[in-house]
Amino acid sequence: MSAKPPLLQVSNLGVTFRTEHGTVRALQDFSYELDAGETLAIVGESGSGKSVGALALMRLINDPPGRISDGSILYEGRDLLTLSEAQMQQLRGNDIAMIFQEPMTSLNPVLTVAEQIGEAVQLHQKVDAAAARNRALEMLQLVQLSEPERRLDQYPHELSGGMCQRVMIAMALACTPTILVADEPTTALDVTIQAQILDLIHDIKQRLGTAILLITHDLGVVAELADRVLVIYAGRKIEEAPVRTLLQSPRHPYTLGLLGAMPRLGATKDSTRLTEIPGIVPSLLEPIAGCAFAPRCSFAVERCRTEAPQLRQQGDAKHYAACWRSDDLAQPTT
Amino acid sequence: MTAANTVSNVVPQRSAFHIWRRHPNLTVGTAMLLIAIFAAIAAPWLGTIDPQLIAPFNRLQTPDSQFWFGGDLIGRDVYSRTIYGARVSLAVGLGVAICGISLGLVVGLLSGFVSWVDSVLMRVMDGLMAIPSILLAVALISLTGASLKNVIIAISIAEVPRVARLVRSVVLSLKERPYVEAAITSGTPFVSILLRHILPNTLAPLLVQGTYIFASAVLIEAILSFIGAGTPPTTPSWGNIIAEGRSVFSIAPHIVLFPGIALSFTVLGVNLLGDGLRDAYDPRFVSRA
């Protein structure tokens with residue numbers, strides 16, 4: 001809304017992987033913006049390219065076989081794709097940090113909590129071990145871990161999954177990054193712990209003003225945390241909207257399908273049947289003619305199979321969708 | 001001693017006791033090795049005399065109350081020689097375990113992490129592995145001359161490929177672990193990742209491998225001494241004593257018997273210790289037997 005350029009501007013990003021069977025276009029023409037303090041959710045099913053997008057942002061696509069083939073990633077005016085590996089190391093953890101899906105295996109079993117959190121602090125802020133330890137304690141208090149003093153000298157196997165995830169978050173935030181990439185942060189946790197972790201992330205965002213790039217397939221998490229949502233399918237962005245708009249009036253059949261497949265509280269067996277999306281994500285080995293979703297789409301018409309739809313602005317100012325029939329979806333029949 | 005320390009380092013304190021109870025191999029093996037180490041260190045105070053002292057009067061003396069293990073071909077005390085021989089065997093075992101593991105660790109870490117180094121180093125290792133370790137050691141010693149130091153170096157080189165392969169395979173699986181990725185995403189430089197995140201996690205299997213190397217080094221040293229390519233004849237080593245007693249085995253079997261028992265005892269102890277450690281740490285880890 002302001003004239004200020006966004007914190008992060010990803011434009012036309014393309015990522016390819018060379019495999020034995022040919023080149024997979026994991027991400028094509030992928031663009032988004034992230035403002036300071038904002039939470040953007042990237043939603044998609046397994047294999048849709050959402051994690052590749054996050055890894056590309058950190059420049060962690062293994063080359064070979066992967067390659068960032070085109071596009072640019074502007075962070076505070078610098079193109080991350082032109083930085084040297086050493087400059088990138090400076091940035092990782094310090095400006096852009098990441099939390100992972102599997103908290104139990106994302107901590108090194110032979111290092112104590114204090115050592116793990118302190119590592120990045122010592123690395124980026126050039127402080128001594130005692131200061132790093134203090135910072136670790138501060139972070140443990142911030143993530144509301146019980147008995148933080150005792151936790152400092154514990155090893156990961158002495159902690160539960162939820163506690164490990166809190167430690168991961170403490171690690172990621174220890175250098176006060178401006179962007180936190182959260183790759184399915186709650187998938188491996190059970191439901192009550194999920195809620196606690198989501199509250200925690202929400203709370204931290206309010207307090208530290210960290211921008212969050214949330215990668216998930218869970219629309220419940222999205223509704224809870226996100227400001228804006230971006231739906232990705234077969235390596236392409238197909239819809240983007242503020243969270244409320246997207247949940248209330250999706251303009252892409254895929255988004256509609258995702259919403260239909262989500263159980264609702266209070267629904268009984270007779271009243272609503274969950275609808276599934278037939279078929280699977282198409283292979284990204286061959287170029288896809290037309291809309292990638294067309295074979296699975298109940299709205300598809302002849303045009304969808306031959307001509308790929310471009311992102312078009314929908315009714316709401318910040319609502320974009322790539323579907324020929326998005327206007328027909330605007331008057332919901334279901 | 002060393003084993004007990006390492007156990008409490010790797011495994012948290014409270015479970016250490018359970019391990020000793022649940023793994024008798026570990027306890028028995030450690031005790032046997034400790035006895036051997038004690039004999040080596042305390043050799044001068046264990047009722048021994050100068051192992052080089054030649055007393056022609058005692059030639060081929062059968063074991064009695066004065067000469068517990070009898071006398072050898074030129075009347076030296078077999079008991080004293082066997083006890084002092086433990087020094088050579090254990091020094092070689094320990095020296096080879098340390099040198100072999102250090103070298104193999106460096107090779108393995110680099111091969112596991114840097115793919116172009118991998119193809120070069122592992123081919124060299126394959127080449128080394130193709131040569132039987134005893135032949136390789138004999139060749140290296142005939143190039144450099146027999147001395148304790150050269151024996152250790154020669155056997156170490158023969159053991160490096162095994163360690164390197166083990167470390168490489170562990171590193172290959174470790175570098176895919178999420179915590180290594182997590183370390184990369186927090187901007188940790190390459191060297192710290194290798195030393196702080198990968199290396200400590202290779203130590204448990206290496207400790208187990210170390211005991212097998214120790215045992216095999218003790219044996220190889222004895223074999224080298226037996227065929228006259230190892231420790232110089234002036235230093236008593238179990239291989240030397242057995243080699244010297246071989247010609248009179250039919251009339252004085254004790255000369256071969258006692259150092260043979262000492263050798264079996266030590267190797268068995270170290271192997272038991274290794275098996276115990278392996279079972280305690282990682283039941284899935286299949287060692288070379």
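Numbered from 1 within each chain, the chains take letters A, B, ... in sequence-line order.
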* Structure fact -> d(Q116(A) CD, R196(B) CZ) to nearest 0.5 Å is 8.0 Å

* To do: Scan M98(A), R92(A), M58(A) and name whichever one has a side chain to side chain contact (heavy atoms under 4.5 Å, CB included) with I184(B).
  => R92(A)

* Among V181(A), I96(A), L123(A), T105(A), which has the most heavy-atom pairs under 4.5 Å with chain B? -> T105(A)

* Which of the residues P109(A), P156(A), A86(A), A97(A) is involved in the greatest number of heavy-atom pairs with chain B at under 4.5 angstrom? -> P109(A)

* Atom group of E115(A) that falls short of 4.5 Å from chain B, counting heavy atoms -> both

* Is E181(B) close to L60(A) at the side-chain level, that is, under 4.5 Å between some pair of heavy atoms? -> no

* Heavy-atom donor-acceptor pair, H197(B) side chain to L111(A) backbone, under 3.5 Å -> no

* Do you know the tightest heavy-atom contact between P200(B) and V110(A)? -> CB-CG2, 3.5 Å

* Asked: Closest heavy-atom contact between A182(B) and S106(A)?
  -> CB-O, 3.8 Å

* Hey, is CZ on F190(B) packed in by over 12 heavy atoms from elsewhere, all under 6.0 Å? -> yes

* Structure fact -> ring-ring contact (aromatic ring centres under 6.0 Å, His included) pairs touching residues 151-170 of chain B, sequence neighbours excluded, are none

* Asked: Heavy-atom distance under 4.5 Å between the side chains of P189(B) and Q89(A), does that happen here?
  -> yes

* Drop me the distance from L55(A)'s CG to T185(B)'s OG1, to the nearest 0.5 angstrom. => 9.5 Å

